Peer 1: 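Can you keep this structure in mind? I'll have questions shortly.
These values consider heavy atoms only, across backbone and side chains, with no hydrogens, waters or symmetry-generated copies. All chains are named by letter (A, B, ...) in the order of the sequence lines, taking the proteins before the strands, and each is independently numbered beginning at 1. The model shown is predicted, which means the values in this text are computed figures rather than measured ones.
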Protein chains: 2
Amino acid sequence: MTEKPPVRARRTTLADVAARAGVSVPLVSIVMRDAPGASAATRERVREAADELGYRPDSRARMLRRSRTQLIGVVFGVQHPFHGDLVSGLYTAADTAGYELALSAVTPGRNESRAVASLLQDRCEALVLLGPSLPTTELADLAARIPVMVVARPVRSKAVDVVRTDDAAGIQLAVDHLVELGHYRIAHIDGGRAPGAAERRRGYREALSRHGLDEVVILPGGLTEDEGAEAARHLLALSSRPTAVTVFNDRCATGVLDVLHRERFSVPGDMSVVGFDDSSLASLSHIALTTVAQDAERITTLAIARAIARLDGHDAPDEREQVIAPHLVVRSTTASPDIEPAAAPSRGVQTFST
Amino acid sequence: MTEKPPVRARRTTLADVAARAGVSVPLVSIVMRDAPGASAATRERVREAADELGYRPDSRARMLRRSRTQLIGVVFGVQHPFHGDLVSGLYTAADTAGYELALSAVTPGRNESRAVASLLQDRCEALVLLGPSLPTTELADLAARIPVMVVARPVRSKAVDVVRTDDAAGIQLAVDHLVELGHYRIAHIDGGRAPGAAERRRGYREALSRHGLDEVVILPGGLTEDEGAEAARHLLALSSRPTAVTVFNDRCATGVLDVLHRERFSVPGDMSVVGFDDSSLASLSHIALTTVAQDAERITTLAIARAIARLDGHDAPDEREQVIAPHLVVRSTTASPDIEPAAAPSRGVQTFST
DNA sequence: CAGAATCTCTAGAACGTTATAGCTCAGTGG
DNA sequence: CCACTGAGCTATAACGTTCTAGAGATTCTG
């Protein structure tokens, strides 16, 4: 019995610290929580003992004892770059409100139902779902058990709260910008069945009609670079070619840009391009995509605030769906259609190649 | 006292199920865990009661009572796309081994220390750190408390386990491929202080000398598209221009490609480019980057297996550092340098622009 | 100086689960 | 008829924390 392989010394607990400091267990708890009820001298002594033993509170036991777990569950897609921005924002919002976050990822081998189930086992008090693809009925069922915040997807059910960008207004900003520059043949590359795509399509139509333009050109696109590239080829094949295009998102727009470059079109000389998301892609200096920025910070702040309001019993029905205004970030892929770029070797090449 | 605002019905517990089924609490526990010690008839009855009440086990209480939490903590960067692949792999590996994962993200406002601290509070049994930037001493301190697996970064300390790709071998694969195609002026764009960069640099040097090539060209690069673009401009300005280049990672390589296209260079006609990571970027049809693929599935499987081995008390010192062989994915950005592409309008343009 | 208020601390119970030990009852073998 | 076995179930005690109630000491108040 000289060797005990997995000896794994028991974690130090409040009881260990209490014994070392010569006080009771609850008093140590009081000190560790900075709760009132201990003298300064004792606090000092207890803290010292805790440090010496390397004490770390056990959040499982803590949450078990408290009625409130102060835990908000987040379901996010591990592939989607914009979810990264949202998760960052959620962390800071939750932190300032004194809540913790429990992350549960959706991966190719782990669907949303599993992700949600694990968060329910962890006894989260509320759930934040980023761009969920669960059917509305399941979302409603879930919301019967626990407050549910859906981010970046419109949901018809009244059971769940929604925080999302005003997609229609975003595209309208883009069209306004293009019209102001002098464009009047403006196309839209679509996101298909993706969350928000229908709204953006609608915004495009409305903006055009508001400006008295009737040449509606909607091309099937998608969420990825490949789908954008495909759409761009169709765009260039049109008989009366538009001078500008609004694209469902930045990834898709990057695919469009790539095809334009390969086909020797100058951007923005021959074609202005506007994306959507203001993802890290867009701000890259060699892409410099003009794009519609979603206010991730505001979205996440509101989602957390609303979740906490629900937990506190404040149900404001008028805030069930919060639609956040986006803003336009103008970079280098948009310009007036009639101005010939001063030093644009590509312009000549385009003439050469057509 | 007619209204109780946050009434929030208490979760159903084992006791509720037990009362409904007319049995004791421990028996319900036995049934829910599929443990031996209950008759088939009783199991049926208990399960029925549990379903009716919508019972969900409380993982906090469960983990508190068990000595083992069966929980592995993962620290990952929310920005880094490759971490997404790794997280996916970790989920499936942990799942098949009967472990749960606790995710903790590193964001601009949440550093690695905080991410680790929160996992320690959750009483994870082991930690998996993806490409951590913590100093070696802190990693060693951490490893004194809990088994630590470092993924995708070489660490000198013997305290932590490491699972990583053989970066040097990866670049050597790339160089071998290029030499085979007939290249002999091959440059390398560097990753600076990034994890793995030093190894890749070394692999480049060794591969060149193995092939008897002495024209070592190492250009400062980085992890991002912008840094790749910058490096590409330096590359093109070289007096005796290389015909091929190996780049630190795919993002950086994308920046290189973009500058090459803008400057009217044909890829692979005028310049072959090889990336590293086989990220989703590389496989996009309009980029089609030849690249060195890291075996994410194998890396994650080994990391989980090793963590569990540690927990079971098996410490195999010879497996402290596991170096995984990468493989080359050949796409369309590499070709022989002397073959003029058949239909390459850009070739003429390049001549035109130089 | 009595009584009240305040401060500092402790005892004990509780959160929801599971491990351990023990109970009951049928069946079995001597 | 008794001891024994084993299956099926229950009582009790933990896990580590925090809440409630209250004890003892000190200070304040009139």
Peer 1: Could you list all N or O pairs between the protein and nucleotides 8-10 of chain D that sit under 3.5 Å apart?
Peer 2:
| unit_1 | atom_1 | unit_2 | atom_2 | d |
| --- | --- | --- | --- | --- |
| dC9(D) | OP1 | Thr42(B) | OG1 | 2.6 |
| dC9(D) | OP2 | Ser39(B) | N | 2.9 |
| dC9(D) | OP2 | Ser39(B) | OG | 3.3 |
| dC9(D) | OP2 | Thr42(B) | OG1 | 3.1 |
| dT10(D) | OP1 | Ser24(B) | N | 3.4 |
| dT10(D) | OP2 | Ser24(B) | N | 2.8 |
| dT10(D) | OP2 | Ser24(B) | OG | 2.8 |

Peer 1: Select base, sugar-phosphate, or nothing to describe what Thr13(A) touches, counting heavy atoms under 4.0 Å on all strands.
Peer 2: sugar-phosphate

Peer 1: Quantified as the angle between the terminal helix axes (five pairs each), what is the overall bend of the helix from dC1(C)-dG30(D) to dG30(C)-dC1(D) to 10 degrees?
Peer 2: 50°

Peer 1: Say whether, by atom type as modelled, one donor and one acceptor occur between the side chain of Arg110(A) and the main chain of Ala105(A) under 3.5 angstrom.
Peer 2: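 Yes, the answer is positive, given that a donor and an acceptor are paired below the 3.5 Å cut-off.
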
Peer 1: For Asp85(B), enumerate each residue passing the side chain to side chain donor-acceptor pair (under 3.5 Å) test, keeping only those at least two apart in sequence or located in another chain.
Peer 2: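 None.
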
Peer 1: Base, sugar-phosphate alone, or nothing: which one does Pro57(A) contact when heavy atoms must sit under 4.0 Å apart?
Peer 2: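 Pro57(A): backbone/sugar contact only, no base atoms under 4.0 Å.
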
Peer 1: With side chains defined as the heavy atoms from C-beta onward, is the minimum distance between Leu302(B) and Arg306(B) less than 4.5 Å?
Peer 2: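 No, their side chains stay 4.5 Å or more apart.
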
Peer 1: Between Arg68(B) and Tyr99(B), do the side chains contain an N or O donor and an N or O acceptor separated by less than 3.5 Å?
Peer 2: yes

Peer 1: Give me the first and last nucleotide of DNA chain C, going 5' to 3', that has any atom under 4.0 Å from a heavy atom of chain B.
Peer 2: dG16(C) to dA19(C)

Peer 1: What is the distance, rounded to the nearest whole Å, between atom CZ of Arg68(A) and atom C1' of dC19(D)?
Peer 2: 16 Å

Peer 1: We want to know whether Tyr55(B) and Arg20(B) form a side-chain donor-acceptor pair, criterion being a heavy-atom distance below 3.5 angstrom.
Peer 2: no

Peer 1: Hey, what do you get for CD (Glu319(B)) to CZ (Arg310(B)), rounding to the nearest 0.5 Å?
Peer 2: 10.5 Å

Peer 1: Base, sugar-phosphate, or nothing for Arg60(B), non-hydrogen atoms under 4.0 angstrom?
Peer 2: nothing

Peer 1: To the nearest angstrom, how far is Leu64(B) atom CG from dT18(D) atom P?
Peer 2: 12 Å

Peer 1: dT17(D) P sits how many Å from Arg65(B) CZ, rounded?
Peer 2: 15 Å

Peer 1: Among dT17(D), dC19(D), dG16(D), find the nucleotide with the atom closest to the side chain of Leu14(A).
Peer 2: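 Closest nucleotide among those given: dT17(D).
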
Peer 1: dT17(D) base to Arg62(A) side chain: any donor-acceptor pair below 3.5 Å?
Peer 2: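 Absent.
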
Peer 1: Throw together a table of side-chain donor-acceptor distances under 3.5 angstrom for residues 21-33 of chain A, partners on residues two or more places apart or in other chains.
Peer 2:
| unit_1 | atom_1 | unit_2 | atom_2 | d |
| --- | --- | --- | --- | --- |
| Ser24(A) | OG | Leu27(A) | N | 3.4 |
| Ser29(A) | OG | Arg33(A) | NE | 3.0 |
| Ser29(A) | OG | Arg33(A) | NH2 | 3.1 |
| Arg33(A) | NE | Ser29(A) | O | 3.3 |

Peer 1: Taking only N/O atoms, report every protein-nucleotides 22-27 of chain D pair under 3.5 Å with atom names and distance.
Peer 2:
none

Peer 1: Can you tell me if Ser133(B) and Glu112(B) form a side-chain donor-acceptor pair at under 3.5 Å?
Peer 2: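 Ser133(B) vs Glu112(B): donor-acceptor pair found between side chains.
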
Peer 1: So, does His314(A) use its side chain to make a donor-acceptor pair with the main chain of Ala309(A) at under 3.5 Å?
Peer 2: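 Pair absent, no side-chain N/O of His314(A) close to backbone of Ala309(A).
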
